[in-house]
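Not measured: the values here are computed from a predicted model. For the numbers below, each heavy atom of this structure counts, side chains included, while hydrogens, waters and symmetry mates do not. Each ligand, and each atom within it, is numbered from 1 in the order the structure gives.
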Amino acid sequence: RKGKTPEEVVKKYLQKVKSPPEEDCTICMEPLGGPSGYKGPGVGPVSRAESVGRLAQCGHQYHFQCLVAMYNNGNKDGSLQCPTCKTIYGVKTGNQPAGKMEYHVIPHSLPGHPDCKTIRIIYNIPPGIQGPEHPNPGKPFTARGFPRHCYLPDSEKGRKVLRLLLVAWDRRLIFSVGTSSTTGESDTVIWNEVHHKTEFGSNLTGHGFPDPGHLDNVLEELRAQGITEDDVLVE
Ligand code: APR
């Protein structure tokens, strides 16, 4: 993805707004009728005609400069997410560090799924140095508890979840680098908003059994990252 400036990326997802509503921009909290409250590096003057934009699909309106600033604060992957309703424009990617995702079928049934075997996913991410897309570029990050093992029933629905998780892995959305809410450690690899079942039968962490909504929860969390069945049908 070469050559598109942040302004061009943002513009692609916007419709023109002739007269801004008498509301505040929820990014900078300043009125949409006035200038963006965001003053940072790279914020230049804009003509009045392009100072406010409406996101094409969800219709939420912001200062153009505020959207550009938000885009520049992210990983600049050509996608944009509405900060109000989370609608995703383009293909959202994350900042998961390099590593490996493997899976295989094991000949045991998960509790609650007596009629099928089990898919075991094994994630392995080594520690490393943070890149520009991470909270503290140049600083090391740790990686605790790897390899991390996760379980899905080897049913039609479980296999569908697996296919979507493989897309999420490719888009670097399964893990992130930040502060662990479990251990409090910063600059470490953490799960990123897609809940995995990490205990086969026990439930010491709350990520085991019983967990009746597990597959539906994962599908919903993947959808929130912009990953749906459409993403696997086209491949
Ligand atoms: N299994 C599955 N999901 C978990 C687990 C777990 N053991 N622990 C936390 N989560 C979920 C949380 O509910 C939260 O939504 O991951 C999200 C991020 O939580 P953090 O505690 O910040 O994530 P992380 O530090 O990666 O996980 C904590 O998981 O595998 C273990 O060794 C790892 O002890 C560590 C624990």
Side-chain angles (χ1 to χ4, degrees), residues 73-75 77 81 83 85-86 88 92-106 108-113 116-131 133-137 139-155 157-228:
N73 273 328
N75 57 3
D77 60 2
Q81 188 160 20
C85 67
K86 310 298 178 200
I88 296 167
K92 179 180 174 173
T93 63
N95 64 6
Q96 170 185 291
K100 246 179 20 193
M101 173 183 185
E102 295 174 317
Y103 62 91
H104 51 245
V105 174
I106 56 173
H108 306 284
S109 297
L110 280 168
H113 301 274
C116 64
K117 296 178 185 176
T118 299
I119 300 165
R120 178 167 62 195
I121 305 173
I122 303 175
Y123 293 112
N124 220 333
I125 295 184
I129 305 291
Q130 296 181 52
E133 72 274 39
H134 294 132
N136 294 300
K139 211 176 147 183
F141 63 85
T142 57
R144 309 289 185 197
F146 289 96
R148 296 191 186 185
H149 290 194
C150 311
Y151 304 96
L152 293 169
D154 188 20
S155 60
K157 198 168 183 180
R159 288 191 290 269
K160 170 170 141 183
V161 169
L162 174 66
R163 288 194 295 276
L164 299 184
L165 288 174
L166 288 162
V167 175
W169 173 266
D170 283 341
R171 295 186 189 172
R172 305 177 64 190
L173 290 166
I174 305 270
F175 294 95
S176 148
V177 172
T179 300
S180 168
S181 48
T182 302
T183 64
E185 185 179 11
S186 60
D187 302 294
T188 192
V189 180
I190 53 175
W191 292 111
N192 178 45
E193 307 187 19
V194 180
H195 282 86
H196 288 65
K197 186 199 280 289
T198 52
E199 290 183 63
F200 188 92
S202 53
N203 202 9
L204 304 170
T205 59
H207 304 278
F209 181 82
D211 194 1
H214 172 233
L215 295 178
D216 287 323
N217 289 344
V218 182
L219 289 172
E220 193 46 49
E221 290 169 341
L222 285 163
R223 171 179 293 279
Q225 301 292 331
I227 300 170
T228 66

Tyr103: what forms a ring pair (Phe, Tyr, Trp, His ring centres under 6.0 Å) with it, not counting sequence neighbours? none
What is the ring orientation for His195 with His207, classed by angle as parallel under 30°, tilted 30 to 60°, or perpendicular over 60°? parallel
Note down each nitrogen or oxygen pair, ligand 1 side and protein side, whose separation is under 3.5 Å; give only atom names and the distance to 0.1 Å.
residue, atom, partner, partner atom, Å
ligand 1, 1 (N), Thr198, OG1, 2.7
ligand 1, 3 (N), His207, ND1, 3.3
ligand 1, 10 (N), His207, NE2, 3.4
ligand 1, 13 (O), His195, NE2, 3.0
ligand 1, 15 (O), His195, NE2, 2.7
ligand 1, 19 (O), Ser181, OG, 3.3
ligand 1, 21 (O), Ser180, OG, 3.4
ligand 1, 21 (O), Ser181, N, 3.4
ligand 1, 21 (O), Ser181, OG, 3.2
ligand 1, 21 (O), Thr182, N, 2.9
ligand 1, 21 (O), Thr182, OG1, 2.5
ligand 1, 22 (O), Ser181, N, 2.7
ligand 1, 22 (O), Ser181, OG, 3.1
ligand 1, 25 (O), Ser180, OG, 2.6
ligand 1, 26 (O), Arg148, NH1, 2.8
ligand 1, 26 (O), Arg148, NH2, 3.4
ligand 1, 26 (O), Trp191, N, 3.0

Test side chain to side chain contact (heavy atoms under 4.5 Å, CB included) applied to Leu222 and Val167, step by step: CA-CA 10 Å; Leu222 285 163; Val167 175; over 6 Å; no
I'd like to check the salt bridge (Lys or Arg N to Asp or Glu O under 4.0 Å) partners of Glu133; sequence neighbours left out, ordered by chain and number. Arg172
Set of salt bridge (Lys or Arg N to Asp or Glu O under 4.0 Å) partners for Asp170, sequence neighbours left out: none
Are Asp77 and Lys92 close enough for a salt bridge, meaning some N to O gap below 4.0 Å? no
